[in-house]
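Values below: every heavy atom of this structure, side chains too, minus hydrogens, waters and symmetry copies.
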Amino acid sequence: MTKTICYDINKIAVNSQAQLIRQRQSEQAYKRLMTSLSHDVKTPLASLVGYLEAVENKIVIGEEKDEYIHVAHEKAHYMKSFVENLFEWVKLDSGEQIFHFEKFDLNELSRNIIADWIPVLESNHFEYEFVIPETEYFIRIDVNAYTRVLNNLFQNIIIHSAGDKMALHICEDIQQAKIIISDNGKGIAPDKLPHIFERMYQCDQSRSAKGNGLGLAIAKELISVHKGTITAENSSDKGTVFTILLPKAL
């Protein structure tokens with residue numbers, strides 16, 4: 001009996017210690033997250049204010065003023081995207097995100113989303129290729145979530161790939177749909193690939209560090225909610241290939 005009691009006490013002590021370690025690790029991760037978020041907000045915000053003050057105080061004029069306004073516009077859009085991604089992640093992480101799943105034709109939905117991106121791709125001097133079946137293919141999907149996934153992936157390619165061409169191919173069978181999104185950029189360093197869907201992770205050495213490290217993490221969470229998967233790999237030729245698998249509606 002004594003041995004059993006001692007064993008139980010030791011087990012409780014080990015569990016308590018493990019719980020304490022996990023709590024400390026969580027606190028440290030939270031502090032790192034807050035530090036990273038603070039940097040991601042303060043740096044572009046200070047720069048944005050600086051550009052606008054230069055315009056407001058007439059320090060720059062003519063073409064230089066136009067350039068300052070253009071840069072300020074880009075930084076404002078970055079801040080908008082960052083805040084949207086941050087709120088999206090907070091809702092996902094807290095379980096407060098509400099999804100509305102309905103049967104939709106994946107092919108038609110994808111075409112509608114892509115249509116809004118064509119002017120953006122062209123303004124960023126990207127060539128594009130879209131191969132989507134004409135037949136209907138129904139899946140149970142939250143339209144806003146799927147739109148966010150494609151938006152995050154397209155934005156990731158434009159900002160980070162250093163390429164000038166992207167493609168989206170959809171192929172389907174009786175069980176699932178495969179959505180392949182690729183670019184012709186410089187790819188991702190092999191040691192970075194396993195981490196790119198982690199929150200706040202940025203591939204500084206392989207792709208430019210203009211993003212906020214949330215877009216791909218959000219995409220993975222949203223795909224998981226749909227009981228699907230998303231993976232990334234470097235193309236055998238050049239660039240990166242993202243592959244999404246989504247189950248067909250029963």
* Asked: Are Ile180 and Ile188 linked, directly or through other ILVMFWY residues, by side chains that come within less than 4.5 angstrom of each other?
  -> no
* Asked: Honestly curious: do Val241 and Ile132 fall in one hydrophobic cluster under the side-chain, below-4.5 Å linking rule?
  -> no
* Given side chains that start at C-beta, do those of Ile141 and Leu109 come closer than 4.5 Å, heavy atoms only? -> yes
* To do: For atom CD of Glu129, decide whether the heavy atoms of other residues, nucleotides or ligands shown that lie under 6.0 angstrom number more than 12.
  => yes
* Asked: Where is the tightest heavy-atom contact between Ile218 and Arg148, given as atom of each residue plus distance?
  -> CG2-CG, 4.1 Å
* Asked: How far apart are the C-alpha atoms of His160 and Gln155, what are their side-chain angles, what is the distance that settles it, and do they pass the side chain to side chain donor-acceptor pair (under 3.5 Å) test?
  -> CA-CA 8 Å; His160 299 295; Gln155 186 175 39; over 6 Å; no
* When hydrophobic residues are tied together by side-chain contacts of less than 4.5 Å, even through go-betweens, does Val60 share a cluster with Val49? -> no
* Structure fact -> Of all heavy-atom pairs linking Tyr137 and Asp173, the shortest is OH-O, 2.9 Å
* For Arg140, what residues pass the salt bridge (charged side-chain N to carboxylate O under 4.0 Å, His left out) criterion, not counting sequence neighbours? -> none
* Joint hydrophobic cluster, Phe138 plus Leu245, side-chain heavy atoms closer than 4.5 Å -> no
* Structure fact -> Minimal heavy-atom distance between Thr135 and Asn107, with the atoms involved, is O-ND2, 2.6 Å
* Asked: Going through the distances and angles, do Asn184 and Glu127 end up as a side chain to side chain donor-acceptor pair (under 3.5 Å)?
  -> CA-CA 10 Å; Asn184 68 337; Glu127 297 180 24; over 6 Å; no
* Can you hop from Leu45 to Ile69 via hydrophobic side chains spaced under 4.5 Å? -> no
* To do: Please identify each residue that fulfils side-chain hydrogen bond (donor to acceptor under 3.5 Å, both in side chains) with Asn152, with sequence neighbours left out.
  => none
* Structure fact -> Hits for side-chain hydrogen bond (donor to acceptor under 3.5 Å, both in side chains) against Ser110, two or more places apart or cross-chain, chain-then-number order -> Tyr146
* Structure fact -> Heavy-atom closest pair (Ala145 atom, Leu222 atom, distance to 0.1 Å) is O-CD1, 3.6 Å
* To do: Determine, stepwise, if the pair Glu198 / His195 fulfils side chain to side chain donor-acceptor pair (under 3.5 Å).
  => CA-CA 5 Å; Glu198 295 175 6; His195 306 288; 2.9 Å; yes
